[in-house]
Amino acid sequence: MNKKKIINDPVYGFISVPSDLLYDIMEHPYFQRLRRIKQLGLTEMVYPGALHTRFHHALGAMHLMSMALDTLRSKNNEIHDREYEASLIAILLHDIGHGPFSHALETAIFKEVHHEHLSLHIMQLLNKAFGGRLELAMQIFTGTYHRKFFHQLVSSQLDVDRLDYLNRDSFYTGVYEGKIGADRLIKMLDVANDQLVVEEKAIYSIENFLVSRRLMYWQVYLHKTVISAENMVLRTVQRARELVQSGVALPGSPCLLYFLATDLTLENFEADHTILERFISLDDHDVWSGIKLWASHPDPILSFLSTNILNRRLFKVIIANKPFEEEFLLGISELVQEHYKISAADVKYLMISGEISNNAYQAEGQSIDVLTKAGYVVDVADASDLPNIRALRDKVEKYYVCYPKEVAH
């Protein structure tokens, strides 16, 4: 069978699958599951076109990785075929541990189990399935391979993961301010002292990349309506978990009910491999089917949340630049309790407060390094005469509170 496939990607055009092993990994059920997990969770509630999946993103990131490696080879950096293929595998599988709704439900389904940990566990399973041929890919993924720049291409302040998701999310949402010059940035990559660097003439492209990233966070990832929708789904799943664990019968898929019934930690995953097998069968459809079933459940909070999500009746959101006063939050809490006749213990499901932060460039420990014309390697913020890049290092924090619109305040 011919496994040298060409895939038509709406963002980059035709992209190729350069080896049999990569093709076989893509065909594996663990990877095919990513077709059933949306890249942007509930962002489609705001941007109807944001229906792309983790599967799309993984293929796009693999394509950009091959472009980056070709660029580095063209500048006389020695990259063996094994390293080339392993880098493509590492980026192809970097998100394979994502659960339903990507980041939105990461804390609701598990206890302190991050998708990176699950990605590595799944890579270990695939490594067994493919006779140990993913060893180098896992070293690159974890940063334990001695040539560090390979890991930086997978995970850093300027990695191919970010280059693809900004390009792709901008394309599917129609938020064109997020479009970055990925091609030019990749063409400017090089290696110095085993570190990934960018040639000095790409400084304006780096600035555009960082500005685009900040804009995408405010306009897409941290859009106030997206915050409302994601928090409502989060509280719905948390309410379902509370009911299941208190003995209330709840309809749902067996794998979803299993995770709701148990507070699982990373240690549980490591000790019992059947848990990971259950996780691999979990996707967005399990949660959506649960929400559809729970809309008619007798528990008033669960049915209220589920019905409102299905019909896109989202909570009102107030965003502020400084923390809300306690009296203000207490006033909303009392109004919610009175309007819906719920206890003070249950008000957390209908009134949600928290904070969001936007940090476009986190230079500590993983700066974007620029190779100057004189041959020095410096942080991009020091290499640039533009105040923007220095300003983008500052973390911006905002505070929010969500509650049903029916509650007058």
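Asp283 has no carboxylate O lying under 4.0 Å from a charged side-chain N of Arg35, or vice versa, which leaves the two without a salt bridge. A salt bridge is defined here as a Lys NZ or Arg NE, NH1 or NH2 lying under 4.0 Å from an Asp or Glu carboxylate O, and Asp169 with Lys38 fails to meet this definition. Look at Lys75 and Asp190 and you find no salt bridge, because none of the NZ, NE, NH1 or NH2 atoms lies under 4.0 Å from a carboxylate O.
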Run the side-chain donor-acceptor check on residues 175-189: report pairs under 3.5 Å with partners two or more places apart or on a different chain.
{"residue": "Arg184", "atom": "NE", "partner": "Ser205", "partner atom": "OG", "Å": "3.2"}
{"residue": "Arg184", "atom": "NH2", "partner": "Lys201", "partner atom": "O", "Å": "2.9"}

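A donor-acceptor contact closer than 3.5 angstrom links the side chains of Asp161 and His57. When only modelled atom types and interatomic distance are considered, Glu83 and Ser87 share no side-chain donor-acceptor pair under 3.5 Å. Arg235 and Gln238 form a side-chain donor-acceptor contact under 3.5 Å, judged by distance and modelled atom types alone. No hydrogens or angles considered: nothing links the side chains of Asp159 and Ser156 as a donor-acceptor pair under 3.5 Å. A donor-acceptor pair shorter than 3.5 Å cannot be found between the side chains of Glu135 and Tyr145.
Aromatic pair Tyr340/Phe304: ring centres closer than 6.0 Å. Phe55 and Phe31 have their aromatic ring centers within a separation under 6.0 angstrom.
Side-chain atoms of Arg241 never come within 3.5 Å of backbone atoms of Leu257 as a donor-acceptor pair (strictly under, hydrogens ignored). Between the side chain of Gln157 and the backbone N or O of Ile368, no donor-acceptor pair lies under 3.5 Å. A distance-only check finds no donor-acceptor pair linking the side chain of Asp369 to the backbone of Val377 [under 3.5 Å]. Using a distance-only test at 3.5 Å, with no hydrogens or angles considered, no donor-acceptor pair links the side chain of Thr173 to the main chain of Ala50. Without hydrogens or angle criteria, Asn167 side chain to Asp164 main chain gives no donor-acceptor distance under 3.5 Å. Under the 3.5 Å distance criterion, the side-chain polar atoms of Arg73 are matched with a main-chain donor or acceptor of Ile79. Remark: the backbone N or O of Tyr258 is paired with a side-chain donor or acceptor of Thr262 at under 3.5 angstrom.
Ring planes of His63 and Tyr12: tilted class, angle from 30 to 60°. Ring orientation note: the planes of His117 and His114 are tilted relative to one another, at an angle of 30° to 60°. Using the six-membered ring where Trp is involved, Phe279 and Phe269 have ring planes that are perpendicular, over 60° apart on the 30 and 60° scheme.
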- prompt: Can you check side chain to side chain donor-acceptor pair (under 3.5 Å) on Tyr349 and Glu242, steps first, answer last?
  reply: CA-CA 11 Å; Tyr349 291 112; Glu242 184 185 48; 3.0 Å; yes
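Side-chain atoms of Phe141 and Leu93, non-hydrogen and from C-beta on, never get closer than 4.5 Å to each other. Side-chain contact between Leu134 and Ile25 is present, with at least one heavy-atom pair separated by less than 4.5 Å. Two residues are said to be in side-chain contact when any heavy atoms from C-beta on lie closer than 4.5 Å; Thr53 and Leu34 fail this criterion. Arg313 has its side chain within reach of Thr307: a pair of non-hydrogen atoms, C-beta onward, lies under 4.5 Å apart. Proximity of Met351 to Leu329: side-chain heavy atoms (C-beta onward) are separated by under 4.5 Å at one or more points. Residues Asp263 and Gln245 have side chains in contact (heavy-atom distance under 4.5 Å, counting atoms from C-beta outward). Using a 4.5 Å cut-off on side-chain heavy atoms (C-beta onward), Tyr221 and Val226 make no contact.
Across all non-hydrogen atoms, the minimal contact from Gln195 to Gln152 is OE1-NE2, 2.9 Å. Considering every non-hydrogen atom in both Ala137 and Ala86, the closest pair reads CB-O, 3.4 Å. In terms of heavy atoms, Leu293 sits closest to Gly252 at CD1-N, 4.0 Å.
Distance check, rounded to the nearest 0.5 Å: CZ of Arg147 to CG of Asp194 gives 7.0 Å. Between Asn231 atom CG and Phe315 atom CZ the span is 9.5 Å, to the nearest 0.5 Å.
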